[in-house]
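Atom set for the values below is all heavy atoms of this structure, side chains included, hydrogens, waters and symmetry mates excluded. In what follows, chains carry the letters A, B, and so on, assigned in the order in which the sequence lines appear, proteins first and then strands, with residues in each chain numbered from 1.
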Amino acid sequence: MAPVVSTLQERLRDALVRIGLEPDERPQVSATTDPRFGDYQTNVAMTYAKRAKQNPRALAGRIVAALQVSDLGPAPEIAGPGFINFRLGADFLARQVAEMARDERLGVPVASPAKTIIIDFSSPNIAKPMHVGHIRSTILGDTLARVSRFLGHQVVTDNHLGDWGTQFGKVIYGWKNLLDHDALEQHPVAELVRIYREADAAAADPRVLDRCREELVKLQQGDPENLRIWQECVSRSMQEFSRVYQLLDVHFDEQLGESFYHARLAALTAALQKEGVLEESDGALVYWAHSLSDDPFIIRKSDGGFGYAATDLATLFYRLERWQPDAIWYVVGAPQQLHFKQLFSLARRLGVKIDLEHVAFGSILGEDRKLMRTRSGDSVSLDELLEEAIERAAAPVAEKNPDLPAAERRRIAEIVGLGAVKYAELSQHRLTDYVFSWDKLLSLHGNTAPYLQNAYVRSRAIFRKLPGTFAFPDTLAFTAEAELKLAKALVQFADAVPAILDGFRPNVLANYLYELAAVFHVFYEECPVLSAPEPQRAVRLALCETFGRVTRAGLGLLGIGVPERM
RNA sequence: GCGCCCUUAGCUCAGCCGGAUAGAGCAACGGAUUUCUAAUCCGUGGGUCGCAGGUUCGAGUCCUGCAGGGCGCGCCA
């Protein structure tokens, strides 16, 4: 089956050709915002009238006369200045829902052509805790990967770890002089942070600062002792990160951190110099993109060291070589826009043609509208935040389902609590700075994960009470208005999923799922299922099942699970 | 100072390439339940889409200017 919008676009294209116009590949068609205007609308008559200097309503009349859509529903209507409104017929919707139910993909088409896409996201820093700042990158990147894969693209997810920076001078100094081994065993990252902070404070003394620098230089020169300490920091940090990733159900194909590229930087710089794209400035080697900024892109620092500009460029070339991707997406916060513009500018200059995207996002704010912090002023650690989400979600579960075993309740609380945190991110436009509020994201009302999960649970409860097994009917016949509305909403899934990648907006899918759940709730209120006579009962069960599958699949694309009860 | 982003209902936010009378949730008020999980649904009130111009048949959406807010701005990442 084809998504409704694609079908209408196709028919529209044929009609435009028939009346002698040259249509776009995908003439504008969209679902209407108001049911009075039908289910779908197009304004092509007005846009073409403008080009051809014709009367828009007259042109709309010619288009409608040439349109062959009688299998989809009643004849389209012309309204207002030249809108063409389509209404889907009950029999078309019935066929469409039955077809989507037979399809494992629920009607979502496979993208063509399939692309190879590298998604760079999460990227926490070694020896620092993962905090709320990392959650958006992690969750957004994971969702984009899930959606891209579902659409048939070849995806490589890469966690570009911050495992090679100047902070290691202080960390190693701290390790050698300040380390508490018991604390390291108990809370590795916390202890690494502590020694870093103390070393940082001690570095106010120039002698300590010098020793920190020496440790860094030794590390960079391959000193075995310092390499061992560094490796130890990496593995202990990774253990903690892995727990968070496991909790979030986030997985990477590669975790090639900055250190992986370290050995390549000197040769890369030499190659860039040969290309003549670098200039010397105050002892540093820089690339200027004056149209972007008066500030340079520093490839090699005046002390001969390399910053992350060099690393990111080396990373880009490594990826080109290894995977020959069609696109690389960097899921990194909005403050780094200039960095990526400069990086991409230099890459273009060097002949890179593939699609490079900085998928930027806004900050997470506390309820005081400032960057989210703990009471003591630290950034909020991610594992604590996730644990709190689970604990908070556990309370209503225990209240509603006290008879469930504790382990089962915990599992449900994880699905609900973690889902709520993820959904709060994803349901919002990615560039919006969003205000973190436990009460809002865990609310059972409004556009939240628990609301959607509850709608799913209600649809599933029906099947538990159903005597015998349910066989999806070959044909459906809708009788109630609420059934038709639910069918119309279900059929839109096929258009909602591909739209996510258009502008990297998972909130499009979230909003769709929310509206779908609201429509389902109306159906649920108005249409008794189990007590309905056949064949109505089978039709309603079919709608419940399809709703459940769409919700499960849709939330799954957002990395969010659904419980069977809650 | 320069650059990027933002400003939509009391609050938190949707609003794709310009399309019809700008939508949700929360909060407020009024209804519906011997439940297929009411963790729900229905209804009411609430708007100069920051301000001022411009382009257009049509602007929350595009352009210019201004105001307010956030972020970034040479050797951190």
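- Aromatic ring pairs are classed by plane angle as parallel below 30°, tilted from 30° to 60° and perpendicular above 60°; the pair A:W288 and A:H290 is parallel.
- Distance check on atom P: B:U55 versus B:U61 gives 15 Å, rounded to whole Å.
- The side-chain ring of A:Y451 is not stacked on the base of B:A39, judged by centre separation under 5.5 angstrom and plane angle under 30 degrees.
- On the P atoms, B:C41 is 13 Å away from B:A24, given to the nearest whole Å.
- Not one side-chain nitrogen or oxygen of A:H445 sits closer than 4.0 Å to the OP1 or OP2 atom of B:G25.
- For A:Q453 against B:A39, no side-chain N or O and base N or O form a donor-acceptor pair under 3.5 Å.
- Between the side chains of A:Q54 and A:Y48, no donor-acceptor pair is found at a separation under 3.5 Å.
- The separation of B:C29 from B:G10, taken at their C1' atoms, amounts to 15 Å, rounded to a whole angstrom.
- A:V522 comes within 4.0 angstrom of the backbone, heavy atoms only, and of no base.
- Across all strands shown, A:K465 has heavy atoms under 4.0 Å from sugar-phosphate atoms exclusively, and none from any base.
- Note: A:Y451 and A:H521 meet the aromatic proximity criterion, with ring centroids under 6.0 Å apart.
- As rounded to whole Å, 11 Å separates atom P of B:C41 from atom CG of A:L444.
- In the interface, the side chain of A:T432 is not paired with the base of B:C13 through any donor and acceptor atom under 3.5 Å apart.
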What verdict does the salt bridge (charged side-chain N to carboxylate O under 4.0 Å, His left out) test give for A:E425 and A:K422, after you've listed the backbone C-alpha separation in whole Å, the side-chain angles of each residue and the deciding distance to 0.1 Å? CA-CA 5 Å; A:E425 309 265 349; A:K422 288 187 176 188; over 6 Å; no
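- Rounding to whole angstrom units, CG of residue A:L426 and C1' of B:A14 are separated by 15 Å.
- Across all strands, A:P335 comes closer than 4.0 Å only to sugar-phosphate atoms, never to a base (heavy-atom distances).
- As judged by a 4.0 angstrom heavy-atom cut-off over every strand, A:G307 is placed among residues touching the sugar-phosphate backbone only.
- When the side-chain nitrogen and oxygen atoms of A:Y524 are compared with OP1 and OP2 of B:A39, none of them lie within a distance under 4.0 Å.
- The aromatic ring of A:F83 stacks onto the base of B:A20, its centre lying under 5.5 Å from the centre of the six-membered base ring with the two planes under 30° apart.
- For A:R460 against B:U37, no side-chain N or O and base N or O form a donor-acceptor pair under 3.5 Å.
- Between the P atom of B:C36 and the CG atom of A:N454 lies a distance of 15 Å, rounded to the nearest Å.
- Residue pairs meeting the side-chain hydrogen bond (donor to acceptor under 3.5 Å, both in side chains) criterion with at least one partner in residues 301-310 of chain A, sequence neighbours excluded, are A:Y308-A:H339.
- Heavy atoms of A:L530 sit under 4.0 angstrom from at least one base atom.
- Considering only the side chain of A:Q41, B:G19 comes nearest among B:G15, B:G19, B:U37.
- No close placement of the A:F37 and A:F83 rings is indicated, their centers lying 6.0 Å or farther apart.
- Comparing B:U37, B:C41, B:G74 by their nearest atom to the side chain of A:R565 picks out B:U37.
- At the heavy-atom level, A:S427 lies nowhere under 4.0 Å from the strands shown.
- In this structure, A:Y514 reaches the sugar-phosphate backbone alone: every heavy-atom distance under 4.0 Å involves primed, P, OP1 or OP2 atoms, never a base.
- Nucleic acid contact class of A:H339 (heavy atoms, under 4.0 Å, all strands): none.
- Using a 4.0 Å heavy-atom criterion, one finds that A:Q28 contacts the bases of the nucleic acid, with or without backbone contacts as well.
- Contact annotation for A:E525: base contact, defined as any heavy-atom pair under 4.0 Å involving a base atom.
- Between A:Y261 and A:Y318, the ring-plane angle classifies as perpendicular under the 30° and 60° cut-offs.
- For A:D403, there are no salt bridge (Lys or Arg N to Asp or Glu O under 4.0 Å) partners, not counting sequence neighbours.
- When rounded to the nearest whole Å, the span between NE2 of A:H429 and P of B:A14 equals 7 Å.
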Step-by-step salt bridge (charged side-chain N to carboxylate O under 4.0 Å, His left out) determination, A:E10 to A:R13: CA-CA 5 Å; A:E10 206 174 294; A:R13 227 169 34 227; 5.1 Å; no
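- Comparing B:A14 with B:G23, their C1' atoms sit 7 Å apart, to the nearest whole Å.
- Using a 4.0 Å heavy-atom distance criterion, A:A518 is classed as making no nucleic acid contact.
- Counted by atom type alone, A:S259 and A:D163 present one or more donor-acceptor pairs between their side chains at under 3.5 Å.
- For the pair A:Q337 CD and B:G72 C1', the computed distance is 9 Å after rounding to whole Å.
- Under 4.0 angstrom from either OP1 or OP2 of B:C26 there lies no side-chain N or O belonging to A:K440.
- For B:A20, the base has a donor-acceptor partner in the side chain of A:N85 [N/O atoms by modelled type, under 3.5 angstrom].
- Rounded to a whole Å, the CD1 atom of A:I126 is 20 Å from the P atom of B:C76.
- At B:C76, one or more side-chain N or O atoms of A:K301 fall inside 4.0 Å of OP1 or OP2 (strictly under the cut-off).
- Atom P of B:G47 sits at a distance of 14 Å from the matching atom of B:C51, rounded to the whole Å.
- With a cut-off of 3.5 Å on both pairing distances, the Watson-Crick and G-U wobble pairs of RNA chain B assemble into stems of 3 or more at B:1-7 with B:67-73, B:10-13 with B:23-26, B:28-32 with B:40-44, B:50-54 with B:62-66.
- Nearest to the side-chain atoms of A:D433 among the listed nucleotides B:C4, B:A77, B:G70 stands B:G70.
- Here A:R464 lies in heavy-atom contact (under 4.0 Å) with a base.
- The phosphate of B:C57 (OP1 or OP2) has no side-chain N or O of A:T47 nearer than 4.0 angstrom.
- Rounded to the nearest Å, the gap between the P atom of B:G45 and that of B:C6 is 33 Å.
- As rounded to the nearest Å, B:U48 and B:G3 have P atoms that lie 32 Å from one another.
- B:G3 atom P lies 23 Å from atom CZ of A:F340, rounded to whole Å.
- Closest-nucleotide positions on RNA chain B for A:S293 and A:N507 were compared, and the one nearer the 5' end corresponds to A:N507.
- Between the side chains of A:Y524 and A:S459, not a single donor N or O lies within less than 3.5 Å of an accepting N or O.
- Protein atom NE2 of A:H290 is 14 Å distant from nucleotide atom C1' of B:C2, rounded to whole Å.
- Of the two residues near RNA chain B, A:I84 and A:L338, the one whose nearest nucleotide lies more 5' is A:I84.
- Taking the six-membered ring for Trp and the full ring otherwise, A:Y196 and A:Y173 have centroids separated by 6.0 Å or more.
- Which of B:G19, B:A14, B:C75 sits closest to the side chain of A:P81 comes down to B:G19.
- At the heavy-atom level, A:A334 lies nowhere under 4.0 Å from the strands shown.
- No contact: A:E515 has no heavy atom under 4.0 Å from any strand.
- Comparing the P positions of B:U33 and B:A39 gives a spacing of 15 Å, expressed to the nearest Å.
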